[in-house]
Participant: 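Okay, handing you the structure first.
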Number of protein chains: 2
Amino acid sequence: MKKLHKLNRIYWIYGGVMGLLMIILQVIQYKTMVREFNLDFYGASIGILFLIFGIWLGSSIYRRKSTDKYDGDKLGLSNRELEVLELLAQGLSNQEIADKLFVSLNTAKTHISNIYSKLNVKRRTQAIQKARDMALIDSPKE
Amino acid sequence: MKKLHKLNRIYWIYGGVMGLLMIILQVIQYKTMVREFNLDFYGASIGILFLIFGIWLGSSIYRRKSTDKYDGDKLGLSNRELEVLELLAQGLSNQEIADKLFVSLNTAKTHISNIYSKLNVKRRTQAIQKARDMALIDSPKE
DNA sequence: TGTTAAATCACCCGAAAGGATGAGCTTAAA
DNA sequence: TTTAAGCTCATCCTTTCGGGTGATTTAACA
């Protein structure tokens, strides 16, 4: 639900820019049609415009990775799981996490597995990343 | 010296792609000239081509921003090791890193092992943390 | 009272990661 | 030309991770 919300906004922006570009192109096309037509100039203009737009778009796409924040939403993670996630992000091994929480290795593993499925990731490194992006844990730079 | 090496490669790639695009454009131009000329198709083609190229270029540029930073202390990490470290911090597995760098799994593991000893850590999660702390890699919040 | 979610633990298995060591190749430097 | 560093790849071995399944206990809840 929230994801769709966010994505929709992005699509609207992109769509809007696309539409604007199309209009610009139409204007250019019209102008160059009524005057002496210069194909090279026309092609170069379109190329440059789309190139600039593409660069901006590419940057945006890449940059968007960490901009998405999930305020308050903890994705159904329980308290214990958040606790484990914190230790996970500190670079501790499963055994070390188990020791810190005074539970067995198996229990720690169970929690971690549940975290993975809730975060929809496959490795602990990805879990750490996602947790950081979603501000589920303390991030060093904020 | 080594940096120039790498940058040169990038420039060559960019240059090559640029040149190829120009050739493609010339061909399209020629074909559309001799037949019935379709301006919309011409414009759309150029637009799409440059858009794709721009997106790719934009991503590359943005991604590359921090790779050439921090000439300071890298703890004796070689260029290749920094490259591996970057991918490591992206949450990739050893196999995925190997695939991205077009080397064998064993090579990737060797690099990673060397990184561990140079960073004085034992696990990849710790390596990521230390790399982030020392600004050896991209930190999401800066 | 029955149900549900959370937390705990166990066992098994395969995949991934990590350590140790050796070795071939290339390039830059002494 | 010898040396050193960097990159590459390999093999063997151990540990850790991760997936799957099932079970118990407790607390909250309808």
Side-chain angles (χ1 to χ4, degrees), chain A residues 73-132 136-137, chain B residues 1-10 12 67-68 70-132 136-137:
Chain A
D73 185 9
K74 292 188 169 16
L75 290 179
L77 288 169
S78 72
N79 285 349
R80 199 56 157 170
E81 284 162 355
L82 285 172
E83 211 171 343
V84 173
L85 185 54
E86 194 79 36
L87 300 177
L88 198 68
Q90 285 172 20
L92 303 186
S93 69
N94 291 354
Q95 184 63 63
E96 287 167 340
I97 292 172
D99 291 343
K100 277 219 170 181
L101 297 180
F102 302 106
V103 296
S104 79
L105 174 60
N106 290 310
T107 303
K109 284 178 61 178
T110 302
H111 285 313
I112 292 169
S113 277
N114 291 334
I115 291 172
Y116 290 163
S117 53
K118 286 185 183 176
L119 289 186
N120 197 31
V121 297
K122 291 196 176 300
R123 278 184 290 279
R124 58 177 49 216
T125 48
Q126 295 175 342
I128 295 172
Q129 289 224 317
K130 196 142 194 174
R132 241 184 261 284
L136 297 176
I137 57 171
Chain B
M1 197 69 93
K2 312 141 219 164
K3 221 180 245 176
L4 272 181
H5 207 278
K6 218 167 249 174
L7 284 181
N8 275 337
R9 203 168 58 93
I10 294 164
W12 277 115
T67 341
D68 300 320
Y70 304 113
D71 296 332
D73 60 351
K74 290 181 162 49
L75 292 179
L77 288 169
S78 73
N79 281 355
R80 199 55 157 171
E81 285 161 355
L82 285 173
E83 212 170 341
V84 172
L85 185 55
E86 192 82 35
L87 299 177
L88 198 68
Q90 285 173 18
L92 303 186
S93 68
N94 291 354
Q95 185 63 63
E96 287 169 339
I97 292 172
D99 291 343
K100 275 218 171 180
L101 297 181
F102 302 106
V103 297
S104 80
L105 174 62
N106 290 310
T107 303
K109 285 177 62 177
T110 302
H111 284 313
I112 292 169
S113 278
N114 291 334
I115 291 172
Y116 291 163
S117 54
K118 285 184 183 176
L119 289 186
N120 198 30
V121 297
K122 291 195 176 302
R123 280 184 290 280
R124 60 176 48 216
T125 48
Q126 294 176 342
I128 294 172
Q129 290 226 312
K130 195 142 195 174
R132 241 184 260 284
L136 297 176
I137 57 170

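Throughout, protein chains are lettered first and strands after them, A, B, ... in sequence-line order, and every chain is numbered starting at 1.
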Participant: Check the side chains of B/N79 and B/E83 for a donor-acceptor pair under 3.5 angstrom, ignoring hydrogens and angles.
Facilitator: no
Participant: Working to the nearest 0.5 angstrom, can you tell me the gap between A/K118 NZ and A/S113 OG?
Facilitator: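 Here the interatomic distance stands at 12.0 Å.
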Participant: Would you say the side-chain atoms of A/R124 pair up with the backbone N or O of A/S93, donor to acceptor, closer than 3.5 Å?
Facilitator: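 No.
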Participant: Treating B/Q126 as the side-chain partner and B/Y116 as the backbone partner, does any N or O pair qualify as donor plus acceptor under 3.5 Å?
Facilitator: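 Checked: no pair found.
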Participant: Working to the nearest 0.5 Å, report the span between OG1 of B/T110 and CD of B/E81.
Facilitator: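 One finds 10.5 Å between OG1 of B/T110 and CD of B/E81.
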Participant: For every nucleotide of nucleotides 6-20 of chain C, 5' to 3': is a protein heavy atom under 4.0 Å from its base (B), only from its sugar-phosphate (S), or from neither (-)?
Facilitator: -SBBBB-----SBS-
